[in-house]
Amino acid sequence: MITILKPGFYTLIQDLGRTGYMQYGLSRSGAMDDFALKAGNRLVGNPEDKAGLECLLITPTIRFEEDTIFALTGAYCRPSLNGKLIPMWTALFAGPGDVLESASVLKGCRAYLTFAGGIDSPAVLGSRSADKRSLIGGQEKGRALQAGDRLSNTMPAVCRRREGYFLSGNGDPQDPFDYLPDPDHKTALVLRVMEGPQQDALSIAGWKTLTSQVYMATSESDRMGIRFQGPRIGFASGQDGNIVTDAMIPGSIQVPPSGQPIVMMADAQTTGGYTKPAVLIAADLCRAAQLKAGDRVLFEECQEEEAYGALKEQEEALSHVQFPPFDPKEAIRKTKVGLGGIGV
């Protein structure tokens with residue numbers, strides 16, 4: 001059992017979402033950053049699809065009521081357990097009465113807490129994911145967690161041996177997959193795209209604008225989609241951004257009459273009436289999920305072969321869960337130093 005003492009800014013129960021129901025108008029939902037959730041589950045010894053906590057901008061303060069193994073992945077923050085700094089991307093032990101304090105996100109947008117055994121909230125249509133618009137899943141009717149909520153969690157005995165497992169990647173203990181946006185906004189995050197079903201709705205110059213200019217994420221963004229602001233994207237002759245409503249999936253990039261792109265995300269509606277000239281490749285959805293207002297991106301055109309290669313690379317990154325020897329003091333030292341100019 002886990003008790004929520006402070007819920008953070010917006011914390012949701014999420015797994016990998018609902019599949020097979022978009023034809024009925026139900027959003028997929030699920031973790032915005034599925035890479036971080038999968039990595040966290042692998043660290044603590046869970047199947048990848050177990051439910052965890054998605055934490056927007058601030059992680060919750062929680063009290064553990066029983067022994068468990070947990071991990072914090074995704075956006076970079078400086079977590080502490082009982083007042084002592086702990087490393088991210090690492091399976092850690094907590095006992096009854098231990099308190100994981102709130103931590104503000106310093107790089108990225110969404111952090112993920114996973115627990116050995118997962119969170120045993122009621123499943124709806126095969127998923128525990130919170131869907132606020134449909135009022136299903138999560139703790140209750142898709143709502144965010146509140147102070148006093150108690151989450152059912154039982155650690156399988158076999159998971160106790162996971163303590164100390166960590167994810168290694170490019171040598172950076174806080175961002176092993178090197179996918180978080182630059183918090184200083186000096187470098188644009190590259191998001192790879194392929195041609196969408198209405199690519200010909202853009203003019204040649206419009207397509208070049210979309211795939212060569214820098215765009216900035218705006219505050220009008222949420223789990224449904226991320227709105228961007230930048231150079232106006234031009235349409236082909238006779239096109240204005242409106243189409244007969246058709247199907248849409250997470251990763252679809254809409255360009256409405258304003259000429260400003262919108263990347264649809266996990267809670268995207270299943271149909272839309274704006275042209276979709278491009279689609280974000282599946283491997284880069286986790287990158288988009290970490291964007292917050294002010295972050296800059298560059299949409300870079302890629303081909304199918306590269307898109308498949310990116311998925312393979314991501315799966316290989318998830319396989320880099322390693323067993324100790326692991327020096328938590330060294331990981332914490334690097335946490336104190338910070339990343340990309342972020343200080344203590």
Side-chain angles (χ1 to χ4, degrees), residues 1-15 31-33 36-37 39-41 43-46 50-122 128-132 135 137-156 159-160 162-163 174 222-223 292 328 331-332 335-336 344:
M1 189 68 70
I2 299 164
T3 299
I4 304 298
L5 302 181
K6 296 180 182 179
F9 180 68
Y10 191 66
T11 302
L12 299 170
I13 296 173
Q14 296 291 346
D15 53 25
M32 288 274 281
D33 181 349
L37 181 69
N41 275 323
L43 284 167
V44 301
N46 290 340
K50 283 289 186 179
L53 299 183
E54 178 181 273
C55 317
L56 179 64
L57 299 178
I58 302 174
T59 64
T61 298
I62 65 176
R63 183 176 65 236
F64 297 93
E65 309 296 352
E66 303 170 27
D67 288 352
T68 193
I69 298 291
F70 72 97
L72 181 63
T73 59
Y76 165 46
C77 54
R78 298 176 62 240
S80 57
L81 183 69
N82 300 327
K84 296 181 180 180
L85 281 175
I86 57 174
M88 293 184 62
W89 302 94
T90 305
L92 301 167
F93 174 78
D98 285 347
V99 174
L100 181 68
E101 287 96 356
S102 293
S104 297
V105 166
L106 300 176
K107 185 179 183 182
C109 183
R110 292 175 171 86
Y112 290 81
L113 275 166
T114 51
F115 311 92
I119 295 173
D120 192 22
S121 59
R128 292 177 168 82
S129 289
D131 184 341
K132 184 178 179 181
L135 300 178
Q139 179 72 347
E140 180 186 19
K141 295 184 177 180
R143 67 168 172 82
L145 295 185
Q146 301 171 357
D149 282 344
R150 291 169 64 84
L151 309 179
S152 179
N153 163 254
T154 302
M155 178 180 69
C159 292
R160 180 63 178 83
R162 301 294 295 187
E163 182 179 7
Q174 301 303 327
D222 54 21
R223 283 181 48 86
K292 58 180 178 293
I332 290 171
T335 299
K336 289 179 178 180
V344 176

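Being a predicted model, the structure only gives us computed values, none of them experimental.
- A donor-acceptor pair under 3.5 Å is absent between the side-chain atoms of E54 and the main chain of R110, judged by distance alone.
- Put simply, the side chain of K292 gets close to the backbone of G108: a donor and an acceptor are under 3.5 Å apart.
- From L43, atom CG reaches atom SG of C159 across 11.5 Å, with rounding to the nearest 0.5 Å.
- The distance from the CD atom of Q139 to the CG atom of L151 is 5.5 Å, given to the nearest 0.5 Å.
- The minimum heavy-atom distance linking P122 with G138 is given by the pair CD-O, 4.4 Å.
- Closest heavy-atom contact between F70 and A94: CE2-CB, 3.8 Å.
- A distance of 4.0 Å separates CG in D98 from CG in N82, rounded to the nearest 0.5 Å.
- The backbone N or O of M1 sits nowhere less than 3.5 Å from a side-chain atom of N153 that would complete a donor-acceptor pair.
- Judged by distance alone, the side chain of D120 and the main-chain N or O of S152 form no donor-acceptor pair under 3.5 Å.
- Across every non-hydrogen atom of I13 and S121, the tightest pair is CG2-OG, 3.9 Å.
- Listed for the D15 side chain is a donor-acceptor partner under 3.5 Å among the backbone atoms of R128.
- When all heavy atoms are compared, the tightest approach of L113 to C55 is CD1-SG, 4.3 Å.
- Y112 places a side-chain N or O within donor-acceptor distance of the main-chain N or O of D33, the cut-off being under 3.5 Å.
- Using a 4.5 Å heavy-atom cutoff, the side chains of I4 and Q146 are not in contact.
- Looking at T68, its side chain never comes within 3.5 Å of a backbone N or O of M155 through a donor-acceptor pair.
- How far CG of L100 is from CG of L72: 7.0 Å, rounded to the nearest 0.5 Å.
- Although no hydrogens or angles enter the test, the distance criterion places a donor-acceptor pair under 3.5 Å between the side chain of N46 and the main chain of F115.
- D222 and K132 are not joined by a salt bridge, as no carboxylate oxygen comes within less than 4.0 angstrom of a charged side-chain nitrogen.
- Residues passing the side chain to side chain contact (heavy atoms under 4.5 Å, CB included) test with A130, sequence neighbours excluded: L12, Q14.
- Proximity of T59 to P79: side-chain heavy atoms (C-beta onward) are nowhere separated by under 4.5 Å.
- Shortest non-hydrogen contact noted between P156 and T154 is CD-O, 3.3 Å.
- Listed by chain and residue number, L5, K6, V99, S102 satisfy the side chain to side chain contact (heavy atoms under 4.5 Å, CB included) test with T61 (two or more places apart in sequence, or in another chain).
- With rounding to the nearest 0.5 Å, the separation of CD1 in I62 from CG in D149 is 12.5 Å.
- Between the E101 side chain and the G83 main chain, a donor and an acceptor come within less than 3.5 Å of each other.
- Residues R162 and V44 share a closest heavy-atom pair of CG-O, 3.5 Å.
- Between E65 and T3 there is a side-chain heavy-atom pair separated by less than 4.5 Å.
- Within the model, atoms CG of L145 and CD1 of I119 stand 7.5 Å from one another, a figure rounded to the nearest 0.5 Å.
- A heavy-atom distance below 4.5 Å is found between the side chains of P96 and D67.
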